[in-house]
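In this chain, numbering begins with 1 at the start of the sequence shown.
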Amino acid sequence: MADFEAVPARLTRAGHQVKDLVEIFTRQPALGFRATASEAGDPVLTKALGSFQQASAHSIAVLAEDARRLGDRLDEAARRYLLIEEEALDNVGMIEPAESNVPPAVAVFDTNVIKAVLG
């Protein structure tokens, strides 16, 4: 992938924002209100209303759980990017410069190669 960049701090922030939104969403007072199905008056309508309310509650629970897992995955991705970046920096730091007859002032280092490897 060309020009791909992962910014762990942004991934973490996005994960926290998603989880915060889930909390706000699931605390909405409107989610706690529902008509008593028996108040519909008609037995067929009562059954349909009860079924609709159960399906809606289930859908909300599934959506909230999916969003929570998304937030957790964003956090985990950020954590892994940081870990791999730290390992790469440690590995690069262990590389001994090769002996060369070229004076250090003349040696050319291609920082784009390290940037491509480390991100």
Side-chain angles (χ1 to χ4, degrees):
M1 275 190 236
D3 297 327
F4 176 79
E5 182 178 356
V7 182
R10 287 185 183 173
L11 289 172
T12 300
R13 190 167 45 249
H16 291 181
Q17 288 173 336
V18 168
K19 289 188 272 188
D20 289 346
L21 287 173
V22 170
E23 291 305 312
I24 291 168
F25 172 72
T26 56
R27 289 183 188 164
Q28 291 297 315
L31 294 178
F33 295 113
R34 61 179 118 187
T36 304
S38 62
E39 291 175 354
D42 179 66
V44 174
L45 188 54
T46 298
K47 186 176 179 180
L49 180 58
S51 176
F52 173 75
Q53 287 176 337
Q54 285 178 339
S56 295
H58 175 73
S59 296
I60 289 168
V62 168
L63 176 62
E65 183 56 31
D66 285 349
R68 277 189 196 99
R69 282 199 320 260
L70 172 62
D72 290 341
R73 287 177 179 168
L74 288 167
D75 286 343
E76 179 63 14
R79 188 189 69 74
R80 288 184 183 195
Y81 273 116
L82 284 173
L83 182 65
I84 290 169
E85 189 174 88
E86 288 172 3
E87 288 175 3
L89 287 171
D90 288 345
N91 290 337
V92 168
M94 291 188 304
I95 297 173
E96 299 274 335
E99 290 187 29
S100 172
N101 293 333
V102 178
V106 179
V108 176
F109 296 97
D110 187 355
T111 57
N112 289 328
V113 173
I114 292 176
K115 184 177 179 184
V117 172
L118 300 179

Requested in this report: Taking the side chain as every heavy atom from C-beta outward, state whether Gln28 and Ile60 have any atom pair closer than 4.5 Å.
Outcome: no
Query raised in the report: Cluster question for you: counting only ILVMFWY and a side-chain heavy-atom cut-off of under 4.5 Å, with indirect links fine, are Leu11 and Leu82 together?
Result: no
Query raised in the report: What about Phe25 and Val22, same hydrophobic cluster or not, with Ile/Leu/Val/Met/Phe/Trp/Tyr joined at side-chain heavy-atom distances under 4.5 Å?
Result: no
Query raised in the report: With a cut-off of 6.0 Å (strictly less than), are more than 12 heavy atoms of other residues, nucleotides or ligands near CZ of Phe52?
Result: no
Query raised in the report: Does CZ in Arg69 sit with more than 12 non-hydrogen atoms of other residues, nucleotides or ligands closer than 6.0 Å?
Result: yes
Query raised in the report: What's the verdict on side-chain contact (heavy atoms from CB on, under 4.5 Å) for His16 and Arg13, showing C-alpha distance, side-chain angles and the deciding distance?
Result: CA-CA 5 Å; His16 291 181; Arg13 190 167 45 249; 5.9 Å; no
Query raised in the report: OG1 of Thr26 to CG of Leu63: how many Å apart, nearest 0.5 Å?
Result: 10.5 Å
Query raised in the report: When rounded to the nearest 0.5 angstrom, what distance separates CD in Gln54 from CG in Leu49?
Result: 10.0 Å
Query - Test log, rule salt bridge (Lys or Arg N to Asp or Glu O under 4.0 Å), inputs Arg80 and Glu76 - result: CA-CA 6 Å; Arg80 288 184 183 195; Glu76 179 63 14; 2.8 Å; yes
Query raised in the report: Side chain of Ser59, backbone of Ala55: donor and acceptor closer than 3.5 Å?
Result: yes
Query - Over all atoms of both residues, closest heavy-atom pair of Pro8 and Ala78 - result: O-CB, 3.3 Å
Report summary line: Which of Ile24, Leu74, Asp75 passes side-chain contact (heavy atoms from CB on, under 4.5 Å) with Lys19? Answer is Asp75
